[in-house]
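The block underneath contains the structure these notes are about, expressed in structure tokens.
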Amino acid sequence: MNILLIGGGGREHALAWKLAQSPLCAKLFAAPGNPGIGEHAELVSLDVTTHAAVVQFCAAQQIGLVVVGPEAPLVDGLADSLRAAGIPTFGPGKAAAQLEGSKGFTKDLCERAGIPTGAYVRVTSEADGLAALANFTIPVVIKADGLAAGKGVTVAMTRDEAEKAIRDIFAGRFGEAGAEAVIEEFLEGEEASFFALTDGTSIVPFGSAQDHKRLGDGDTGPNTGGMGAYSPARVLTPSLEAEAMERIIARTVRTLATEGMPYSGVLFLGLMLTPTGPQLIEYNCRFGDPECQVMLMRLESDLVELLLACAKERLAEVAPPRFSPDTALTVVMASQGYPDTPKKGGRIKGIAAAESAGAKVFHAGTALGADGTLTANGGRVLNVTARGGSVREAQTLAYAAVAALDFPDGFCRSDIGWREVEREARG
Ligand code: AMP
Ligand code: GLY
């Protein structure tokens with residue numbers, strides 16, 4: 001079968017690498033892809049906001065499965081257009097993708113379905129927001145409703161900070177994404193990510209991970225898209241996973257189906273593990289980046305079979321995903337200046353050397369010059385990923401690979417996995 005992968009970051013490189021390993025994959029295309037993805041796929045230039053162009057490409061290339069990596073095309077309804085043209089597609093339609101596209105939509109759904117999450121109100125003006133704030137204790141969380149590239153959330157430690165966040169949203173700081181806001185109870189605990197595949201009816205767990213959102217060692221500095229991750233997240237014990245499956249995921253899938261917006265694809269849950277059990281912080285409607293990279297390093301099943309089963313509503317007919325008990329850990333190499341103004345054009349060498357010790361280097365933001373030189377072309381540039389029998393071992397292998405890279409403009413955190421390494425050391 002021919003497959004089209006939409007996207008061009010580290011997540012999509014990991015997806016391409018795994019899709020291409022499947023005996024079910026005849027030819028893989030990626031739009032736009034990146035130089036790493038180009039080792040597994042033919043790169044094509046497609047305007048994914050013009051759905052008819054994507055449909056036309058799929059017909060011409062006899063595409064049997066489209067895998068949509070990022071959230072924006074899903075929230076924009078690309079999966080609906082493809083399915084309407086009879087093209088099996090992995091990823092939710094526009095209505096169900098509101099789980100990521102609108103924080104207020106998700107909170108309302110949680111309320112209707114009895115899903116554990118923080119108390120909240122939705123507000124549509126600065127005056128309403130400031131008035132509603134009086135009913136919350138500090139700290140409090142202020143969120144722009146729509147997609148804001150991970151920047152729309154403020155955990156306010158003072159009332160002044162909360163008021164400023166509300167004013168910023170309604171002053172247009174996030175454009176359309178801030179036409180509405182959510183004010184939310186602050187939840188305390190350790191965060192973990194959990195993933196499940198669903199075809200709208202059947203649901204299978206797809207593993208767990210923990211991300212490192214802050215730029216600096218020891219979880220300090222500004223928030224980023226993620227500086228590293230590991231999988232599994234052992235803090236999410238089998239009983240907590242079962243609780244999240246039953247009280248959060250199953251209720252979500254059932255409610256969306258009943259209400260005529262069935263969800264198909266991957267559900268990415270941001271969970272807070274509170275003393276009273278897992279609570280939902282947020283949903284994403286796609287794989288995490290860089291969480292996907294570590295989960296796919298551990299996946300032993302055929303990814304094409306699983307994603308196709310979701311797309312064709314046949315998830316119950318295939319064997320559930322199998323994962324290695326190993327830990328996978330990824331270190332993000334970013335370009336100097338990230339996250340504000342990352343430097344572009346820095347030369348990258350040494351990937352073969354880094355991979356010779358068993359690591360896998362996924363390309364997140366790279367470009368290939370006409371003379372074959374690889375350069376940095378984004379904030380997060382490389383995801384240096386390794387697998388080991390323990391977190392410590394995976395961490396050691398990943399940092400050995402980082403040391404073998406020659407990327408003078410690059411930097412990374414030196415403590416990815418610290419929480420789990422400490423836990424492991426304590427036994
Ligand atoms: P999000 O953009 O929704 O992933 O939120 C970014 C981060 O804000 C999360 O990863 C949490 O660390 C934090 N956060 C969001 N909502 C809450 C909440 N209700 N309580 C505590 N922290 C939160
Ligand atoms: N790493 C967080 C995300 O993909 O949203």
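Numbering of ligands and ligand atoms starts at 1, following listing order. Because the structure is a prediction, the values reported are computed rather than measured.
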Closest protein heavy atom to [atom], given as residue, atom name and distance to 0.1 Å:
{"atom": "atom 13 (C) of ligand 1", "value": "V155 CG2, 3.8 Å"}
{"atom": "atom 18 (C) of ligand 1", "value": "V141 CG2, 3.5 Å"}
{"atom": "atom 21 (C) of ligand 1", "value": "L187 O, 3.3 Å"}
{"atom": "atom 2 (O) of ligand 1", "value": "V153 CG2, 3.2 Å"}
{"atom": "atom 12 (O) of ligand 1", "value": "E191 OE2, 2.4 Å"}

Taking only non-hydrogen atoms of K213, do any sit less than 4.0 angstrom from ligand 1?
yes
Any ion pair linking [Y] and [X] (charged N to carboxylate O, less than 4.0 Å)?
{"X": "R214", "Y": "D219", "value": "no"}
{"X": "K103", "Y": "E282", "value": "yes"}
{"X": "E190", "Y": "R423", "value": "yes"}
{"X": "D168", "Y": "K164", "value": "yes"}
{"X": "D80", "Y": "K94", "value": "no"}
{"X": "K18", "Y": "D302", "value": "no"}

Which ligand 1 atoms, with their elements, are less than 4.0 angstrom from a heavy-atom of [X]?
{"X": "M272", "value": "21 (C), 22 (N)"}
{"X": "E185", "value": "18 (C), 19 (N), 20 (N)"}
{"X": "K103", "value": "3 (O)"}
{"X": "E184", "value": "16 (N), 18 (C), 19 (N)"}

For this output row, return yes or no: ring centroids of F194 and F268 closer than 6.0 angstrom.
no
Consider every N or O of F186 and every N or O of ligand 1, then say whether any pair is closer than 3.5 Å.
no
Quick one: pull up CD1 in I203 and CG in L315 and give me the separation to the nearest 0.5 Å.
9.0 Å
Which atoms of ligand 2 sit under 4.0 Å from any heavy atom of [X]?
{"X": "F268", "answer": "3 (C), 4 (O), 5 (O)"}
{"X": "E291", "answer": "1 (N), 2 (C), 4 (O)"}
{"X": "G225", "answer": "1 (N), 2 (C)"}

Can you tell me how the ring of W17 sits relative to the ring of F362, calling it parallel under 30°, perpendicular over 60° and tilted otherwise?
perpendicular
Describe, in one word, how the ring planes of F29 and F57 are oriented to each other, choosing from parallel (under 30°), tilted (30 to 60°) and perpendicular (over 60°).
perpendicular
Is it the side chain, the backbone, both or neither of I281 that has a heavy atom closer than 4.0 Å to ligand 1?
side chain
Taking distance alone, no hydrogens or angles, what donor-acceptor pairs closer than 3.5 Å link side-chain atoms of residues 175-189 to residues at least two apart or in another chain?
unit_1: E180; atom_1: OE1; unit_2: R122; atom_2: NH2; d: 3.3
unit_1: E180; atom_1: OE2; unit_2: R122; atom_2: NE; d: 2.9
unit_1: E180; atom_1: OE2; unit_2: R122; atom_2: NH2; d: 3.3
unit_1: E184; atom_1: OE1; unit_2: K143; atom_2: NZ; d: 3.1
unit_1: E184; atom_1: OE2; unit_2: K143; atom_2: NZ; d: 3.3
unit_1: E185; atom_1: OE1; unit_2: A119; atom_2: N; d: 2.8

Testing L46, L82, L65, T89 one by one against C58 for a side chain to side chain contact (heavy atoms under 4.5 Å, CB included), which residue passes?
L82
Take F206 and F323 through the test ring pair (Phe, Tyr, Trp, His ring centres under 6.0 Å) and record every step on the way to the result.
CA-CA 9 Å; F206 197 72; F323 288 92; 5.1 Å; yes
Does ligand 2 have any atom sitting under 4.0 Å from a heavy atom of [X]?
{"X": "G288", "result": "yes"}
{"X": "F287", "result": "no"}
{"X": "R11", "result": "no"}

Select the closest option to atom 16 (N) of ligand 1 among R214, E282, K143, judged by heavy-atom distance.
K143
Heavy-atom proximity to atom 2 (C) of ligand 2 ranks first, among V332, T224, N284, D211, for D211
Answer yes or no: does an N/O atom from R286 fall short of 3.5 Å to an N/O atom of ligand 2?
yes
